[in-house]
Number of protein chains: 2
Amino acid sequence: MSKAVTIFDTTLRDGTQGEGISLSADDKLKIAKKLDQLGVHYIEGGIPGSNSKDIEFFKRVQEFGLSATVTAFGSTRRKDSIAEHDPNLNRILESGAKATSLVGKSWDFHVHTALQTTLEENLAMIYDSIAYLKRQGMEVLFDAEHFFDGYKNNPEYALAVMRKAEEAGADWLVMCDTNGGTMPHEVYDIVSNLASRVTTARLGIHTHNDCELAVANALNAVRAGAEQVQGTMNGYGERCGNANLCSIIPNLQLKLGYNVIENDQLSQLTNTARYVSEIANVHMPVGQPFVGTAAFAHKGGIHVSAIMRDSRTYEHIAPETVGNRQRVLVSELAGQSNILSKAQEMGIKFDPENEETRQVISKIKDLEHQGYQFEGADASLELLLRQANGEMKELFVFESFKMLVEKSAGKPVVSEAFIKLKIDGNSLYTAAEGNGPVNALDNALRKALISYYPALKNIHLSDYKVRVLDDKDATASKVRVLIESKDASNSWSTVGVSGNVIEASWEALVDSLRYALQGQIKLEHTEVISAGQGLVNH
Amino acid sequence: MSKAVTIFDTTLRDGTQGEGISLSADDKLKIAKKLDQLGVHYIEGGIPGSNSKDIEFFKRVQEFGLSATVTAFGSTRRKDSIAEHDPNLNRILESGAKATSLVGKSWDFHVHTALQTTLEENLAMIYDSIAYLKRQGMEVLFDAEHFFDGYKNNPEYALAVMRKAEEAGADWLVMCDTNGGTMPHEVYDIVSNLASRVTTARLGIHTHNDCELAVANALNAVRAGAEQVQGTMNGYGERCGNANLCSIIPNLQLKLGYNVIENDQLSQLTNTARYVSEIANVHMPVGQPFVGTAAFAHKGGIHVSAIMRDSRTYEHIAPETVGNRQRVLVSELAGQSNILSKAQEMGIKFDPENEETRQVISKIKDLEHQGYQFEGADASLELLLRQANGEMKELFVFESFKMLVEKSAGKPVVSEAFIKLKIDGNSLYTAAEGNGPVNALDNALRKALISYYPALKNIHLSDYKVRVLDDKDATASKVRVLIESKDASNSWSTVGVSGNVIEASWEALVDSLRYALQGQIKLEHTEVISAGQGLVNH
């Protein structure tokens, strides 16, 4: 039987120290639920009493009945005081959490510089705090801050700290590479040394990514005897982030043979990682290992032809194991084989020898040259390919739009859009207000189309991104707009490019609706007209 | 004396396989120059003859007189053919490059599946190709594709491939972890084994980041005997990217004591990494190790007070060593100490006990709550702080703006802006067209202000970003606009938030000009008025 490793997730505490990351109590509760389904064993929720969000989190999470152990973070008691009277320790007890990770100093330099106390008092602070919380029945994880730096500078003292924590009854001794500067071989040696000395406590590892080695350091610690890994989803955290659990979990389970979570939980990894990035409102790098949209994406022509024979030629694991999928990227670098395999993926048949096929490939390359990027806009690409294949009618005939934004001092800003178009010979002229210009356009367009295409009411735009393509003169250069849309079960992305952000948005907006209504453009259109709807100008 | 490690940069070849990365010949030449200044030893420019960009690159780079060895990439000869007649090998010779990295198969599975030939023919392909290019006087680096997978599946064959390449005269045997699936301890063992067998050739390592272990794998290979590391700037590359040289170089030099580049070159690392990300038009993750803007940024209140005593408490190296700098982030999580230290960094004096100080801190927290983010908009924060400190006058008194975008079928889109404002009691009413709405606003605003503030002509907007803050209904929710502006020597960032993208842009635009004209708002204003300028409506 393979050895088990316990996963301690600190996305909700250490993760929120990352630049640009801020989670509400609701956000934290949603993420906790999702992490619990993924099967992590500890969920560190925050610092009880430090702010209103964390107070609310610890209160409401108790109703969820999570399988994971909810953990509260705090520091050892203040210097020259009594643990029983320490307000922070008492807030941990009051939080309702069953476990606590209690941080203490293990580097003599920090005891002197940051705590400004004696080495003996620091040991007493650690002993008293752990012993107090253990007497109250809590599970205690002792986070030895800067353990590796401490060990390298004064090994006797770093080890004395761990011995003291163990004597006080700590269940886990967690070795922190707080500054993220330790090398993997040092981690292996130091963990091995500590592992040979502990008797009752078990070892955990908490690494940071300042040298781009947090994952390697965590794996080496496990190989040297640690039984718990602390980290965050997507590696969020202060400075360069914490150890990324999205990489550590599959490495431990699929590569090193440890028993971490169930296989069906592992297949939720990609989904969980993307969910957390949505809630945290942080864009996931496309190339994020295991879970990124490009993690199993193939661009080079030679690679693409090889994976079409056998995907193991350029994939280190089957993407489905972690809930991800293979993609073939369309790009200038690639030959027509990429576009053809993309068409195949979409169920569109193209004959590579055909004149139309050559035309659509040259059109796609020309659009890419103008600044379109179909790697992030599969739906627009699919529309192009289906159109070339003669499958699509237009939604409507465009005549004009006008968009007006007005702002006077002391008054709210007003956005209005006016749209003229034709459907089957009927002129439609609509006007609508909106919260902003794109919303006004969206509203006016829906107003014009809804009676022809009632399915529109179930569709909404879920993300809107603008990218300036040429940074030499930002407001005078081309922009690319990407729009993501959703209905109850699907999401799709479309692209528009123009020197004008409103025109680019319009283009992506129209594509989004065309994609959503693909079926109707071909099938239901005539039927709706004959029912006498949609004949009135709105 | 410490041992030297050679750096082989493949940003211009393997890096361009990354999703969303596309470099023109000009881009490649600019990057090559910058890499040469950083001190990398080999610059792989591309695949000669594969496309017009690479042809142009190899031609023009010869005029630069780089210190680095420019290297051309290619494959071993085709199966069942003669090296001397191989068009790709001959294109390498014609490229003018002094060195070539020649990729060949070392995994039996790939020989059968991808090449569809025999193991013997593959050995002959490798031998013939290397021997041919060596006879023509080139330096040859043999890239053993999938060497680690090959070794794990059929060690005899993988080693036979390397022996054959060495016999043919290869100068370097480069062990590639092409699929990025190998664990660091496996890399150490396999490299050690090969190192004990080679006689004349030297070893190189080429890793990929699919398990988030590319950096660790490269370091382990060096510790086991490799003398060359291949990678890319910022880790660009196919799928999850190549090994990130921006982390490998400082780790080797500062942590492991190898001799890689000069110290003054190392202090250009951050600058080089950011330059490459600008040219590649890929945003650098804020938390990128060593070179990211958050790599030495401190958010937690306790950390901030400790680093103010001694920065070694939470920094693993001095940021200046790699040309980066320490930052203190202003955030909801942090106490007023962060804001005060930020003010101090800007040379603004605030008394923490003062009522105004408490007011500005509470205003900043309130704005953050509304969706402003000052972490990426230092200039807007500075304006707030200076305003609170009584240092700023307003640029003008705002009365109104109108913005109109019109598009009719078959005609180009038109954007116009109309602005009413007052300066010192003089009403100004200007109108301007632009390529897009923000450009029209920018033009109309400059038209109104330029005679009062002539310095405006040297300022332009260099980046424009829009972020939707609430993804539940993208076109109806709040947006945050970040604008980056530049003059000849500086760049600064400002922020605007609104439900309306035009209003948010206006806000960031006005802040950008206010920041640029800080001095003038206080000093030159009266003088210009008295010179009789700016009194006429434009």
Side-chain angles (χ1 to χ4, degrees), chain A residues 17 19 113-114 179-181 183-184 210-213 215-216 240-241 247 251 255 286-287 289 294-295 297 299-300 306 309-310 313 316 329 375 398-409 413 435-436 438-439 442 460-464 466 468 471 473-476 499-503, chain B residues 17 19 113-114 179-181 183-184 210-213 215-216 240-241 247 251 255 286-287 289 294-295 297 299-300 306 309-310 313 316 329 375 398-409 413 435-436 438-439 442 460-464 466 468 471 473-476 499-503:
Chain A
Q17 297 282 324
E19 180 164 8
T113 311
N179 294 4
M183 295 290 105
D210 297 74
C211 294
E212 211 176 326
L213 293 166
V215 170
C240 308
S247 296
N251 277 326
K255 300 286 173 135
V286 293
K299 185 166 168 180
R309 289 204 195 102
D310 188 328
T313 50
H316 70 114
L329 302 180
E375 291 171 11
F398 172 70
E399 298 198 341
S400 71
F401 73 73
K402 260 184 225 144
M403 216 279 309
L404 182 68
V405 178
E406 259 189 283
K407 164 84 185 166
S408 296
V413 63
N435 296 17
V438 181
N439 183 233
D442 188 27
H460 69 279
L461 306 192
S462 53
D463 200 5
Y464 174 78
V466 180
V468 176
D471 68 357
D473 185 0
T475 57
N500 189 306
V501 65
I502 302 297
E503 188 177 41
Chain B
Q17 297 282 324
E19 180 164 8
T113 311
N179 295 3
M183 296 290 105
D210 297 74
C211 293
E212 210 176 325
L213 293 167
V215 171
C240 308
S247 295
N251 277 327
K255 300 288 172 133
V286 294
K299 184 166 167 180
R309 289 204 195 102
D310 188 328
T313 52
H316 69 114
L329 302 180
E375 291 170 10
F398 171 70
E399 298 198 342
S400 70
F401 73 72
K402 260 184 226 145
M403 214 280 309
L404 183 68
V405 178
E406 259 189 283
K407 163 84 186 165
S408 296
V413 62
N435 296 18
V438 181
N439 182 234
D442 189 29
H460 69 279
L461 307 193
S462 54
D463 200 6
Y464 173 77
V466 179
V468 175
D471 66 358
D473 185 358
T475 56
N500 189 305
V501 65
I502 302 298
E503 187 177 40

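Letters A, B, ... are given to chains in the order of the sequence lines, protein chains preceding strands, and every chain is numbered from 1.
Interface check for chain B: of the options A:C240, A:G287, A:S400, the most heavy-atom pairs under 4.5 Å are formed by A:C240. The candidate with the highest count of non-hydrogen atom pairs below 4.5 Å against chain B, out of A:G181, A:G241, A:P289, is A:P289. Comparing A:A114, A:A409, A:C211 by heavy-atom pairs within less than 4.5 Å of chain B, the highest count is held by A:C211. Interface remark: of the candidates B:E503, B:M183, B:H316, B:E399, B:H316 forms the most heavy-atom pairs closer than 4.5 Å to chain A. If you tally non-hydrogen atom pairs under 4.5 Å between each of A:V413, A:D210, A:T113 and chain B, the highest count goes to A:D210. With chain A as the partner, the residue from B:R309, B:K407, B:K255 showing the most heavy-atom pairs under 4.5 Å is B:K407. In terms of heavy-atom pairs under 4.5 Å with chain A, the best-connected choice from B:V501, B:L404, B:I502, B:T313 is B:T313.
When heavy atoms are compared at a cutoff of 4.5 Å, B:E212 approaches chain A by way of both its backbone and its side chain.
The CZ atom of B:F401 lies 9.0 Å from the OG atom of A:S408; values are rounded to the nearest 0.5 Å. To the nearest 0.5 Å, atom CG of residue B:N251 and atom CG of residue A:L213 are 5.0 Å apart.
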